[in-house]
*Asks:* 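After the structure tokens below, expect a handful of questions from me.
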Amino acid sequence: MNTRNHLSDINSVHQVKLIEKGIVDIPMLQILQPDGSVYKGADVPEVSKELAIKMYETMQFIRILDERMVAAQRQGRISFYLASTGEEAAAVASAAALEPQDMIMSQYREQGALAFRGYTTQQFMNQMFSNEQEPNKGRQMPIHYGDKALNFMTISSPLGTQIPQAAGYAYGQKMAGEPAVTICYFGEGAASEGDFHAGLNMAAVLNCPAIFFCRNNGYAISTPAAEQFAGDGIASRGLGYGIKTIRVDGNDALAVFAATKRAREIALEEQCPVLIEAMSYRLAAHSTSDDPSSYRSKEEEAKWADKDPIKRLAGWLAQQGWLDEEANKKELETMRQEVLQELKRVEQVPVCVIDEIITDVYDKPTWNLEEQLTELKQHIAKYPEAYPKTSGRLNHG
Amino acid sequence: MNTRNHLSDINSVHQVKLIEKGIVDIPMLQILQPDGSVYKGADVPEVSKELAIKMYETMQFIRILDERMVAAQRQGRISFYLASTGEEAAAVASAAALEPQDMIMSQYREQGALAFRGYTTQQFMNQMFSNEQEPNKGRQMPIHYGDKALNFMTISSPLGTQIPQAAGYAYGQKMAGEPAVTICYFGEGAASEGDFHAGLNMAAVLNCPAIFFCRNNGYAISTPAAEQFAGDGIASRGLGYGIKTIRVDGNDALAVFAATKRAREIALEEQCPVLIEAMSYRLAAHSTSDDPSSYRSKEEEAKWADKDPIKRLAGWLAQQGWLDEEANKKELETMRQEVLQELKRVEQVPVCVIDEIITDVYDKPTWNLEEQLTELKQHIAKYPEAYPKTSGRLNHG
Amino acid sequence: MAKMNLLQAINNALIIAMEENDKVMAFGEDVGHFGGVFRATSNLQEKFGKARCFNTPLTEQGIIGFANGLASQGSYPVAEIQFGDYIFPAFDQIVNETAKFRYRSGGQFTCGSLTIRTPYGGGIAGGLYHSQSPEAFFAHAAGIKIVVPRNPYQAKGLLLASIRDDNPVLFMEPKRIYRASVGDVPEDDYTLPLGKAEVLKEGNDITLLAWGAQMEIMEKAAEMADKQGVSSEIIDLRTITPWDAETVAQSVVKTGRLLISHEAPLTGGFAAEIAATIQKKCFLHLESPIERICGLDTPYPLAHEKEYMPDHLKVFEGIMRSVNF
Amino acid sequence: MAKMNLLQAINNALIIAMEENDKVMAFGEDVGHFGGVFRATSNLQEKFGKARCFNTPLTEQGIIGFANGLASQGSYPVAEIQFGDYIFPAFDQIVNETAKFRYRSGGQFTCGSLTIRTPYGGGIAGGLYHSQSPEAFFAHAAGIKIVVPRNPYQAKGLLLASIRDDNPVLFMEPKRIYRASVGDVPEDDYTLPLGKAEVLKEGNDITLLAWGAQMEIMEKAAEMADKQGVSSEIIDLRTITPWDAETVAQSVVKTGRLLISHEAPLTGGFAAEIAATIQKKCFLHLESPIERICGLDTPYPLAHEKEYMPDHLKVFEGIMRSVNF
Ligand SMILES: Cc1ncc(C[n+]2csc(CCOP(=O)(O)OP(=O)(O)O)c2C)c(N)n1
Ligand SMILES: Cc1ncc(C[n+]2csc(CCOP(=O)(O)OP(=O)(O)O)c2C)c(N)n1
Ligand SMILES: [Mg+2]
Ligand SMILES: [Mg+2]
């Protein structure tokens, strides 16, 4: 037996000693102050102007997209949306610290990471309108993005399932000798799932180069963090798994960038997982199905609105002399126009032909699926008005 | 939002700081030295002579029972057995620190706790022979004890399932205003299950008066602890849940007693869970289906045989002047005789009548079960030799 | 009598149960202060306190594990799983624990007082993970009952019966009609029997069997068939296990034909069990093969939801196929 | 050719798969150095190193979650669940993830390279939790294949096919005959087709359908029936989903009778699906109701195991009931 985990190195004590909360201090990495100036003595990560602007504009783009799509949902143009307002830095700056070959497994509020990878407005729209141009073929609800070309795993609604999967994916990357890691995003709520425990423990034992990135935004729908766990956040669990852990201010893009960069180095060099807890706040409603006013105060929201990560980064950019207000304004206008145009365009794109209802269940449709499709097509042909989305292209080929 | 778990009380730091293993020292409570003498400065718990002897003799009884039943399994008299050799102190001394109204939810290697509660040799045998005198009606494999009168929940084979159940049971006790706690035993292997995470987290958040007692005996069947987790044992997880935690030498009956006593006080007074990690070693094979020689060394086993918890307690009893060697010898002989006699008796006791095959699925058998029983009885009546255990009493009433 | 929608009827049943017995506790994700994402537990925390109606951490296996322990202790947990699609992390706790608790202990310990509530079903643009009808996964696990109401009146009476029944009940709520289904509901306490199907409409030519939200689709299809001169007998199964084979068999002996419909995929769905049993019990009376009008053997798709659904047109076609066999 | 028992055949198949493709990895509880509690993975760690054959922590949901991720990355995980009874903590990962991975991503990502191995079935004095036959729980989840071999030759050929098949496969091993079933097995590489049933014995009066360890019981019962002048056609289904309805239907058209047997409880078992489908496909050919000889609708009992089992006597009685209908 490897005694590492058993009796060696354990000190003896002769009075009952309680190990209690508070005996470890898990501080939070902050580099930027609310106004964007750098904390005294802070290690500012190396970030080129180009990268800094890209982060900034991606965050702005996501804010615009979120606002517009929430409105589109209200207008009944899409069935569902989920905004990341206030948390843009966590997703964008962490993605910025990765390499393109790193796999991203996200929860659902990390559209910023996807946008940073290069997902276009057009691609976002295709997904949200479940159309035939969407690589996932419109089978899932809006915001369940996935793009193989960008190494962004298709999102799955059941919470926490991607956590052990990320361990396995990272193990595969290691076995393949790839200089790549897997980043796995999840909320502090999802961290209560059994899959969280399984995934982190397995990653630690099996030395998987994965970054587990928890967005602790204070809520899981209506459930405040205090009713989710009683320990010191999610970071305090890292210790129990023997996983190196960093807590970071999730609204501080530079801090998130620095933490993730460091985590990636460790994961790759030491071939082990790293846990990051990014402290933030879900300024948005949970989703368009939610109304937070019944479970939290306007004051609380306002307090956090003041910590806006976009403003904070803008402050820093300005202090660096990198912020061209004029150019940025134009850029924002372009983004807005693009979103509006794409919204219009996408409403014209049809959903997949009905034949796709049975593909991808298996590699090839099985006999029962073939039978069911044949019957279904006959049925649609008989009642074309009842199935307007597909009856027009029944015999497309 | 209760900020307890979110941002308040978190210090800021401006360089990436890794929280790593080793920053917390989780020492192990030891009161008795290997020879049974008390460590200098140790807080010896209050234990009456009577209680001390009861613990000691229960441990001895279990050792005898284990040895005899392993042999009985080899002789083909029972199908399966699972010994707790080397770990008797963990189960017995923890049970000794409880009150009869406390619910015990065990994994399967805690026969010592059950014996301490008063389970008789006869009762043990009835269960292992799956006979009609067994309150669980012989439906589960040997060693899956359960006795409502003794507040000992019937054991279930799927690992870890009892952990969230213990949280719920304890919550119920609290709601009922009972001065009682629930103790939940499990192995360090079972602590990898998702149910462990769910159970401990819920117990912490919902303030359940439960004691989670982990027997860390170094192995889960063939899997050493080092391939089970990478953290500092199971105790280090307590911190992550915000659960007060005690690590104890599981082979030191007095230390286990003291730790559990204290845990019970805290659980009851503060209405909260407590985690205990008892460090021990599974001297026995995992079960009669296992042969450990292929995965661990004789030396390792010998090293641990030297830490025999029974000898250690004997040493202390002797030093207290409480050990009457003569009387103890007689007592052991009585136990041995009783085990042998009961083994003989029990082989004559029939299994339940066939009617019991459908009871207890629901409160009352449903129509399909009634139908199935009727058919089955007709079938058995037609082929009585094929079903010798039940055909003789087909129409008992 | 009051007009209530299905959610209100459930809420009302919970209030009655919690008023009557202070061992009844309601919990689950967002169930506390917020009243659940569908608001089925609205106001319970205000009325009965945080100890009896509360949020849990986000862990379905934990919720049911906790509920099993709480039930075995003697309390009456009413645990909510936010969507039927998210019940699977609790599958082990339900199938290996809840369902076997009593049997394995010879009746010493039970989870009989447990009720698990969960919304199920499609038609709400929910895609793969907000649309599933998982009843058949649980119907193979002896030891639990599965109950599905079709309207507010049924919901209240069946939920109260489920909470009080001395067996664990999986109570599946048709979320598509949570608000759409409105009807008269007595404000007083009442229960409806578990394990009993209900004949909604008598008829002679074919028996239509379904449960939950699918009932209104059966009624619509029956109307269409009626216009073709086909008289349908419509049965709401109400309890999936133990199911009321007798009522169904009696009807089939009369009509000679059976059509079963559910949203869950065809293969391995509960219609298979019913068909297998009825072909045996009514072999000599069947005039055509038993029809199953069900979901496709695929995950539940979003863009093709309408096509996926076993709607009234498909049921109607099935009826005509059966009578024209 | 070599004489192998079923375990050796599985071990042999794993060796061939791992030699051929270094992306094949075998893991699970005690699977590494120890070679698994049944020794199906013996010597793999020695042969292929600790990185490709290893112990996991004790968490079934973790094992399958990990395996799903590993498969989606392009590796070929062969994950062991120590007993079929312990697969339920992984139910969500299998039913909501493995099975839906490809569909939800439009084929961009898949777990097609995943194989899950697990021993199943009773008759070993295992009681509630070492005896279950959980195939039907998974048969309702479109997207996975379920394969059950009946002997060593089948085991090797089907396991190799399962590992190479571009769909996730749940490979269920009949543990009662792990050592008892011995037969000639080619030492070379070969595969047997998935989705194809096999007619083991032709006959005219009744079709007997089963899979796995139940096959030898069918054969024994057929012999008894033979003595009564009843000629049975015996079919091994081999793949539960997608199942070979065509072969079964062809046989039933010929014999006019069908008996299906499995150890899992009757209600909601896979025999229900087969019966429901065949009564439709063969309605005009059936001369008697389809018989299901299955486990009782109870958890699997220890003391009454013999009585619980659908043994050859019960199957024989079912045959006679069917032909004498
Ligand atoms: C297994 C599972 N259970 C429940 C849900 C329903 N649900 C969707 S999001 C959510 C809250 C998640 O909170 P958190 O993980 O903190 O992420 P956040 O929304 O705050 O970003 C819940 C309960 C789900 N999707 N999956
Ligand atoms: C859910 C589940 N998975 C696997 C098993 C098989 N199994 C029985 S005991 C055991 C090892 C348990 O180890 P541990 O928890 O450390 O307890 P110990 O045997 O050391 O006392 C395993 C894997 C099981 N019973 N339940
Ligand atoms: Mg959150
Ligand atoms: Mg152990």
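In this text the structure is predicted, and so the values were computed from the model without any measurement. The figures here come from the full heavy-atom set of this structure, side chains too, leaving out hydrogens, waters and symmetry mates. Letters go in sequence order (proteins before strands), and every chain restarts at 1.
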*Asks:* For the CE atom of B:Met141 and the CD1 atom of B:Ile78, what is their distance to the nearest 0.5 Å?
*Replies:* 10.0 Å
*Asks:* Taking ring pair (Phe, Tyr, Trp, His ring centres under 6.0 Å) as the definition, give me every residue that meets it alongside D:Phe316, ordered by chain and number, with sequence neighbours left out.
*Replies:* none
*Asks:* Heavy atoms only, distances under 4.5 angstrom: which of B:Pro158, B:Gly194, B:Gly138 has the most pairs with chain D? Name it, please.
*Replies:* B:Pro158
*Asks:* Using a 4.5 angstrom heavy-atom cutoff, name the option from B:Ile357, B:Ile380, B:Val351 with the most pairs to chain D.
*Replies:* B:Ile357
*Asks:* Which atom names give the shortest non-hydrogen contact between D:Leu208 and D:Ala222, and what distance separates them?
*Replies:* CD1-CB, 4.0 Å
*Asks:* Does any heavy atom of chain D fall under 4.5 Å from the side chain of B:Leu369, the backbone, both, or neither of them?
*Replies:* side chain
*Asks:* Would a 4.5 Å heavy-atom cut-off, applied to side chains only, mark D:Leu70 and D:Phe27 as touching?
*Replies:* yes
*Asks:* Less than 6.0 Å separating the ring centroids of D:Phe91 and D:Phe138?
*Replies:* yes
*Asks:* Which N or O donor-acceptor pairs, by atom type, sit under 3.5 Å across chain D and chain B?
*Replies:*
residue	atom	partner	partner atom	Å
D:Asp30	OD1	B:Ser222	N	2.9
D:Asp30	OD1	B:Ser222	OG	2.7
D:Asp30	OD1	B:Thr223	N	3.2
D:Asp30	OD1	B:Thr223	OG1	2.8
D:His33	NE2	B:Ser294	O	2.8
D:Lys50	NZ	B:Glu227	OE2	3.0
D:Asn55	ND2	B:Glu227	OE1	2.7
D:Leu58	N	B:Gln228	OE1	2.7
D:Leu58	O	B:Glu193	N	3.4
D:Gln61	OE1	B:Gly194	N	3.4
D:Asp297	N	B:Gln372	OE1	2.8
D:Asp297	OD2	B:Asn368	ND2	2.8
D:Asp297	OD2	B:Gln372	NE2	2.8
D:Leu302	N	B:Arg139	O	3.0
D:Ala303	N	B:Gly138	O	3.1
D:His304	NE2	B:Cys352	O	2.7
D:Glu307	OE2	B:Thr390	OG1	2.5
D:Asp311	OD1	B:Tyr387	OH	3.2
D:Asp311	OD2	B:Tyr387	OH	2.4
D:Glu317	OE1	B:Lys382	NZ	3.1
D:Glu317	OE2	B:Lys382	NZ	3.1
D:Glu317	OE2	B:Tyr383	OH	2.6

*Asks:* Does some side-chain heavy atom of D:Met224 sit less than 4.5 Å from a side-chain heavy atom of D:Leu313?
*Replies:* yes
*Asks:* So which atom in D:Ala79 and which in D:Ile64 form the shortest heavy-atom distance, rounded to 0.1 Å?
*Replies:* CB-CD1, 4.2 Å
*Asks:* Where on B:Leu159 is there a heavy atom nearer than 4.5 Å to chain D: the side chain, the backbone, both, or neither?
*Replies:* side chain
*Asks:* Mind checking what makes side chain to side chain contact (heavy atoms under 4.5 Å, CB included) contact with D:Ala51, not counting sequence neighbours?
*Replies:* A:Tyr171, A:Met175
*Asks:* Please flag which part of B:Ala190 lies under 4.5 Å from any non-hydrogen atom of chain D: side chain, backbone, both or neither.
*Replies:* backbone
*Asks:* Considering only heavy atoms, which portion of D:Val31 lies under 4.5 Å from any heavy atom of chain B: side chain, backbone, both, or neither?
*Replies:* neither
*Asks:* Testing the basics here: between D:Pro265 and D:Leu296, what is the closest heavy-atom pair and its distance to 0.1 Å?
*Replies:* CB-O, 3.3 Å
*Asks:* What option among D:Gly32, D:Gly127, D:Gly126, D:Gly35 has the most heavy-atom pairs under 4.5 Å with chain B?
*Replies:* D:Gly126
*Asks:* When rounded to the nearest 0.5 angstrom, what is the spacing between CD1 in D:Ile87 and CD1 in D:Ile63?
*Replies:* 10.0 Å
*Asks:* Which atoms of D:Leu266 are under 4.5 Å from chain B, going by heavy atoms: the side chain, the backbone, both sets, or neither?
*Replies:* side chain
